[in-house]
Amino acid sequence: MSFRSRLRAFFAIIVLVPMAAVAFVLFSLAEDSEVGKADARLAAGMRTAFAVYEEASESAAAPLWRIVRDRAFQRALARGDAAGVERRARRLIGDGPVVHLVVAGVDGERLAEVGDPAAVAPATAAAETAEGRRLGAVSASVTTASELTLDVARFTGLDVRLVREGRELASTLPDGADVPERSGDLEIAGEKYRARLQELHQSAGAPLVVGMYESAEGLRSAVAEARLTIGGVLLFFIALALASSVFVGRSLQRQVEQFLAAARRLGRGDFSTRVPEQGSDEFAQLGQEFNRMSEQLELQMREVEDQRRQLEHAIRRVGEAFAAGLDRQGIVDLAVRTAMEACSAQAGRAVALDARKMPSSSLGSDDPRLAAALEAAERKAFAVDPEFGAELIATLDPSMETPELRRLSAVEVNGVHALALPLRAHLGAGTDVQYVGVVSIAREGREFSERERDLFGYLAGQAVVSIENVDLHETVQRQAVTDELTNLHNLRHFHDWLDVEIERSRRFGTPIGLVMLDIDDFKRVNDTYGHQQGDLVLMEVARVVRELSRDVDEPARYGGEEIAVVLPQTDLEGAALAAERIRSAIEALEIARVDGQGKLRVTASCGVAALPTCASDKESLIAAADQALYRAKRAGKNRVERATAAAARR
Ligand code: GH3
Ligand code: MG
Ligand code: MG
């Protein structure tokens with residue numbers, strides 16, 4: 001059922017039902033009042049009938065007087081001559097206007113009756129002699145029952161009926177109808193009437209029963225007329241109520257439709273239009289609430305959209321980071337920037353406890369108020385004074401993982417909100433998980449939400465994983481090119497390096513020197529002092545070689561106790577000098593004995609070659625240096641031998 005039909009039904013109930021009740025009451029009141037009026041008309045008619053009767057009776061007085069004064073009549077009466085009286089009476093009424101005459105003797109005995117016996121309204125007088133002797137009584141009527149009936153009917157507009165001694169004298173009612181002898185509502189010849197009966201005592205003869213009748217036709221039409229008026233008025237009000245219900249319904253519906261349309265627009269994500277808020281009724285309040293809700297929704301949608309954009313941005317950044325293969329600094333910068341963007345922060349930074357393990361980074365606004373909040377959050381995150389670096393590491397067991405030591409902290413300083421999270425990472429081979437720094441973000445005005453805190457924690461965690469990955473990568477890379485015992489480059493790296501340098505020397509026309517070094521009588525060291533002592537000797541010799549090499553020189557472990565040094569931009573002479581420096585340093589080296597029994601000394605022999613003087617490529621260069629080394633051994637060890645130019649030609 002639609003809103004409008006419900007409204008209509010409601011109006012029908014509150015308007016039509018009471019109207020019907022009012023109509024019922026008014027109609028019955030109208031009928032009652034019409035019956036009352038009819039009774040009043042009957043009573044008035046009755047009075048008229050009595051008055052007409054009275055007049056008729058009075059107008060009989062004068063003619064009667066003439067009759068009783070008639071000498072002949074008196075004489076016949078005095079004689080008691082009934083026939084004479086009748087004769088004389090007949091003559092007397094023959095001239096009119098008397099229509100009926102009754103003569104009684106002194107003792108009341110009836111002597112004569114002439115004229116129309118249906119006459120009514122008689123006047124009565126005594127007949128006397130001139131001397132005053134009473135002769136009898138005479139009554140005369142000038143009016144017949146039907147005349148009286150017609151007169152009264154004419155004056156009153158009602159039906160009239162006269163009855164005497166149970167016999168109908170005259171009537172304007174339909175002929176031959178059976179008329180009940182009572183007042184009230186009657187049915188006569190199939191017609192409804194309202195009747196009033198009243199007895200009228202005549203001066204002579206039996207009393208008359210006068211009946212006044214009003215046809216229900218008149219009553220009905222009067223009632224109908226009243227009903228028509230009432231009905232008209234009621235109809236007017238019903239129409240008025242209906243019209244106002246339609247008007248109110250339409251306006252309510254219009255408002256409801258506006259809300260419906262606005263809700264639909266909201267549903268489609270259109271927040272631009274507002275519903276009207278005129279007035280102060282519930283609709284206006286609803287409108288205000290609706291608009292407020294719409295504004296809130298719009299705000300939140302915008303926020304969601306902003307967040308979506310930020311997220312997209314962050315994802316892109318992370319994607320770029322994957323593609324770029326960032327270094328540690330890049331990762332820390334990226335972590336700080338992503339955390340700032342994801343959490344809508346204005347400033348952010350990462351502070352490292354040890355710059356060798358993790359770089360620091362500071363991004364965004366350098367507003368000192370933001371910086372103050374960042375620092376407060378950092379201090380709180382560690383729960384110790386973070387002039388921290390070394391101090392923190394010194395005071396804490398870094399492998400300890402307790403909520404007091406590593407936690408996300410949130411602070412508010414002068415309206416600036418900040419978050420900080422200590423970073424723990426596993427960096428460097430052979431170390432445990434340690435605190436490496438703290439990352440923090442700050443913004444003015446708005447506190448960080450639960451979701452932002454979670455996101456911040458997650459991103460910081462990811463940054464740690466990334467740094468660990470880079471660290472691991474670097475370690476593996478280093479291990480791949482490093483000899484474990486001596487920490488010199490391994491053989492593979494030596495070859496790669498030499499390839500690169502030879503290429504470079506060819507391009508720029510610069511020389512390359514190569515020194516091949518072999519420890520003298522190394523087997524004897526092993527045999528005499530054990531393998532462990534041999535290792536120590538190897539490490540010490542490697543250290544000396546490394547120390548005496550330039551940054552660009554690349555010492556590498558070539559084999560067992562052989563070391564090769566590539567000397568870029570160095571000719572044979574230069575290489576021989578470098579080799580000699582190394583040889584004499586080794587000779588001077590005192591190596592502690594592992595059994596603690598003093599020290600021991602070793603010597604080494606070196607073969608030196610150079611490009612392009614002694615060789616034309618890598619293989620021949622190595623071979624030339626090898627041959628020189630061989631010669632040095634043969635010549636008595638602990639010496640430097642140079643390759644000959646002839647080696648290059650071979
Ligand atoms: P020469 O003066 O002729 O070089 O005599 P040498 O004893 O050094 O002879 P050679 O070079 O043939 O012997 C190398 C020995 O070095 C053989 C091997 O047992 C030993 N050696 C090789 N690598 C290692 C190592 O990593 N540690 C130890 N302790 N010994 C090694
Ligand atoms: Mg050897
Ligand atoms: Mg040797």
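Whatever order the structure lists them in is the order used to number ligands and atoms, beginning at 1.
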At a cut-off of 2.8 Å, list the protein N/O/S atoms near the Mg ion (ligand 3), residue plus atom name.
-> Asp518 OD1, Ile519 O, Glu561 OE2

Excluding sequence neighbours, so at least two apart, what forms salt bridge (Lys or Arg N to Asp or Glu O under 4.0 Å) with Arg451?
-> none

With atoms numbered from 1 as shown, which atoms in ligand 1 lie under 4.0 angstrom from a non-hydrogen atom of Leu538?
-> 25 (C), 26 (O), 27 (N)

Side chain to side chain contact (heavy atoms under 4.5 Å, CB included) with Glu561: which residues, sequence neighbours excluded?
-> Asp518, Ile519, Phe522, Leu538

Ligand 1 contact on Asn526 by region, counting heavy-atom pairs under 4.0 Å = side chain

Just jot down the ligand 1 atoms closer than 4.0 angstrom to any heavy atom of Gly534, in number order.
-> 29 (N)

Taking all atoms of both residues into account, what is the closest heavy-atom pair of Arg631 and Arg642, and its distance?
-> NH2-O, 2.9 Å

Is Arg506 reaching over with its side chain to a backbone N or O of Thr510, donor-acceptor style, under 3.5 angstrom?
-> no

Here the atoms of ligand 1 under 4.0 Å from any heavy atom belonging to Asp520 are 2 (O)

Would you mind checking which non-hydrogen protein atom is closest to atom 26 (O) of ligand 1, with the distance to 0.1 Å?
-> Arg557 NH2, 2.6 Å

In the protein, which heavy atom is nearest to atom 27 (N) of ligand 1, and how far is it?
-> Asp535 OD1, 3.0 Å

Do we see a donor-acceptor contact under 3.5 Å between the side chains of Ser294 and Asn291?
-> no

Taking atom types as modelled, find out whether Arg446 and Ser344 have a side-chain donor-acceptor pair closer than 3.5 angstrom.
-> no

For the residue pair Tyr558 and His495, categorise the inter-ring angle as parallel (less than 30°), tilted (30 to 60°) or perpendicular (more than 60°).
-> tilted

Assess the pair Phe456 and Phe448: is the distance between their ring centroids shorter than 6.0 Å?
-> no

Arg634 near ligand 1 by a heavy-atom separation under 4.0 Å = no

Taking only distance into account, with no hydrogens and no angle test, what donor-acceptor pairs under 3.5 Å do side-chain atoms of residues 367-374 form with protein atoms, sequence neighbours excluded?
unit_1 : atom_1 : unit_2 : atom_2 : d
Asp367 : OD1    : Arg369 : N      : 2.9
Arg369 : NH2    : Glu444 : OE1    : 3.0
Arg369 : NH2    : Glu444 : OE2    : 2.8

Ligand 1-proximal atoms of Gln532, by part, heavy-atom distance under 4.0 Å | neither

Do you see a donor-acceptor pair shorter than 3.5 Å between the side chains of Asn490 and Arg557?
-> no

Atom 1 (P) of ligand 1: protein heavy atom closer than 4.0 Å?
-> yes

Under 4.0 Å from one or more heavy atoms of Gly560, ligand 1 contributes atoms 22 (C), 23 (N)

Name the closest protein heavy atom to atom 16 (O) of ligand 1, giving the residue it belongs to and the distance to 0.1 Å.
-> Phe522 CD2, 3.1 Å

Any protein heavy atom under 4.0 Å from atom 30 (N) of ligand 1?
-> yes

Inspect the contact between Arg453 and Glu447 and indicate whether a charged nitrogen and a carboxylate oxygen are less than 4.0 angstrom apart.
-> yes

Atoms of ligand 1, numbered as shown, that sit under 4.0 Å from any heavy atom of Lys523 = 6 (P), 7 (O), 8 (O)

Given the rule in the side-chain hydrogen bond (donor to acceptor under 3.5 Å, both in side chains) test, do Asp617 and Ser620 qualify, once you have shown the distances and angles that lead to the verdict?
-> CA-CA 6 Å; Asp617 57 15; Ser620 57; 2.5 Å; yes

Flag Lys637 as yes when one of its N or O atoms lies below 3.5 Å from any N or O atom of ligand 1, and as no otherwise.
-> yes

Closest non-hydrogen protein atom to atom 14 (C) of ligand 1, residue and atom name please, with distance?
-> Glu561 CD, 3.8 Å

Sub-4.0 Å atoms of ligand 1 with respect to non-hydrogen atoms of Asp518 | 4 (O)

Presence of salt bridge, Glu540 and Arg543, under 4.0 angstrom | yes

Can you find a side-chain donor-acceptor pair between Asp333 and Gln329 that sits under 3.5 Å?
-> yes

